[in-house]
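The structure appears below as structure tokens.
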2 protein chains.
Amino acid sequence: MGRPRAFDVEKALDAMLCVFWRKGYEGTSYADLTAAAGVERPALYAAFGNKEALFRSALERYVERYLDYFPAALELPTAREVAGRILHGVVDLNTRYGEHTGCLAINGALAGPDEAEPVRQALIDFRAAGQERLRQRLERAKAEGDLPPGASPEALAAFVMAVSHGIAVQAKAGVGRAMLEAVAEQALSTWPAGGAAAPASPGR
Amino acid sequence: MGRPRAFDVEKALDAMLCVFWRKGYEGTSYADLTAAAGVERPALYAAFGNKEALFRSALERYVERYLDYFPAALELPTAREVAGRILHGVVDLNTRYGEHTGCLAINGALAGPDEAEPVRQALIDFRAAGQERLRQRLERAKAEGDLPPGASPEALAAFVMAVSHGIAVQAKAGVGRAMLEAVAEQALSTWPAGGAAAPASPGR
DNA sequence: CCAGTTTCATAACAACCGTTATGAAACATG
DNA sequence: CATGTTTCATAACGGTTGTTATGAAACTGG
């Protein structure tokens, strides 16, 4: 009962996500948000809460809509393939849309005033969680002999994520896909070779 | 003649530079700036112009005060040493001060509202200029046989800068120096071996 | 010591920020 | 059709943004 919604909440969130993607959390005003969503401020407050809660909803949407390549990459058979898929996935996502290049998890809030620190910390935790998942995957690779005994899964995970972040910064600066592909390939060029063959199906 | 300055312009600029470093261009308010400089707004306007001009002055100061390692790195004899010095210089600078980690050229303005686009573009140009200087240095290295004929100075320069940016993002997120050193080393492990020996003094 | 000049802080400016109180509009149920 | 409930836009809230007009304070020159 009651008056029905006059706007599509999901579509509005998708649209606002793109604004956050382009302008970041602090750089996005409610004037931007209402223009993108097509409804006025009170409707957004009723549907999503305040600006911080709205941004967190946008981040969740970002994950399920654009970051599916990441868990898929983790399931590839070799560590080298995992890293390659991640880096090329980053290049693809960060250069796919001309209006909002780069990565929401970095554009969203890197530096800013003290009041925005909760959001900044949320993005830090978010990125760290991804890095941790990659580290565990590389740990497994090392146990399987897919990485040499001297390799450090923690350092390799940090390296892959750092290159990803660097690619995101460059993409936001307007660097084209071809150049960033070359950056990814350079990063992959000396991936440590494992002593064993393919871990899951060694005989294939 | 006239009333003399009651504050040290250079010290004020140094102090405000640190604020921009920590909070970025948009995230820094005049309340922050006056608190750091120790003088009120009109004094800053008289000495530096408006906020954008003030930020540009801070960026210049940043270069001459913190980025001296970069031109020094370009003068090292081999491309590998150049890249190594740059990456380790980045790690050092980005983790040296706990109050303002990361890099001003990235923290300053990555994403933001449309009004701040001139500042964003200035930082993009600034970073691109550094990358171009590195590219020219690597071009020379290739001509000297310090890099293999198949190597791409443009891609290698983009790679080194991308890793630098990634390190800056991680440093801003609180990642420690040791881990970032490992990232830099992993990046350097991908460096292509040159065909010739040391270029300038091959017999040494 | 007075006139001229430069620099300073106080205080105000309009514009915008995120947030919310108010009341009209649109539905389901009785 | 009236009642209750939910959602909407209008409009305002206090606070902060970058910028500047005003006038007092501090110096050098004559």
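We name chains A, B, ... by the order of the sequence lines, and we start the count at 1 in each one. These numbers come from the heavy atoms of this one structure, side chains and all, not from hydrogens, waters or symmetry mates.
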Interatomic distance, [X] [atom1] vs [N] [atom2] [rounded to whole Å]:
| X | N | atom1 | atom2 | value |
| --- | --- | --- | --- | --- |
| A/Glu40 | D/dT10 | CD | P | 6 Å |
| A/Asp32 | C/dC16 | CG | P | 12 Å |
| A/Tyr30 | D/dA11 | OH | C1' | 17 Å |
| B/Glu26 | D/dT16 | CD | C1' | 13 Å |
| A/Glu115 | D/dT17 | CD | P | 7 Å |

- prompt: So what does A/Thr28 touch, heavy atoms closer than 4.0 Å: a base, only the sugar-phosphate, or nothing?
  reply: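 Counting heavy atoms under 4.0 Å across all strands, the contact made by A/Thr28 is with sugar-phosphate only.
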task: Please identify each residue that fulfils side-chain hydrogen bond (donor to acceptor under 3.5 Å, both in side chains) with A/Glu117, with sequence neighbours left out.
output: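 With sequence neighbours excluded, A/Glu117 shows a side-chain hydrogen bond (donor to acceptor under 3.5 Å, both in side chains) to no residue whatsoever.
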task: Consider the side chain of B/Arg41, meaning its heavy atoms from C-beta on, and name the nucleotide among D/dT10, C/dC8, D/dG18 that approaches it most closely.
output: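 Given the options D/dT10, C/dC8, D/dG18, the side chain of B/Arg41 is closest to D/dG18.
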Looking at every non-hydrogen atom in both residues, tell me the closest pair between [X] and [Y] and how far apart they are.
| X | Y | answer |
| --- | --- | --- |
| A/Leu188 | A/Gly84 | CD1-CA, 3.5 Å |
| A/Asn94 | A/Ala171 | O-CB, 3.4 Å |
| B/Arg22 | A/Asp114 | NH2-OD1, 3.1 Å |
| B/Val91 | B/Ala184 | CG2-CB, 4.2 Å |

field: Earlier contact from the 5' end, DNA chain D, for B/Pro4 and B/Ala31
entry: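 First, find each residue's nearest nucleotide; the 5'-ward one identifies B/Ala31.
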message: Does B/Arg3 contact C/dT7 through a side-chain donor or acceptor facing the base, at a distance under 3.5 Å?
response: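 By the distance-only test, yes, there is a pair.
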query: Listed in order of residue number, which residues of residues 42-59 of chain A have a non-hydrogen atom at under 4.0 Å from DNA chain D?
result: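 Correct list: A/Pro42, A/Ala43.
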query: How about B/Gln131 and B/Arg127: do any of their side-chain heavy atoms sit closer than 4.5 Å?
result: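 Not touching, per the 4.5 Å side-chain cut-off.
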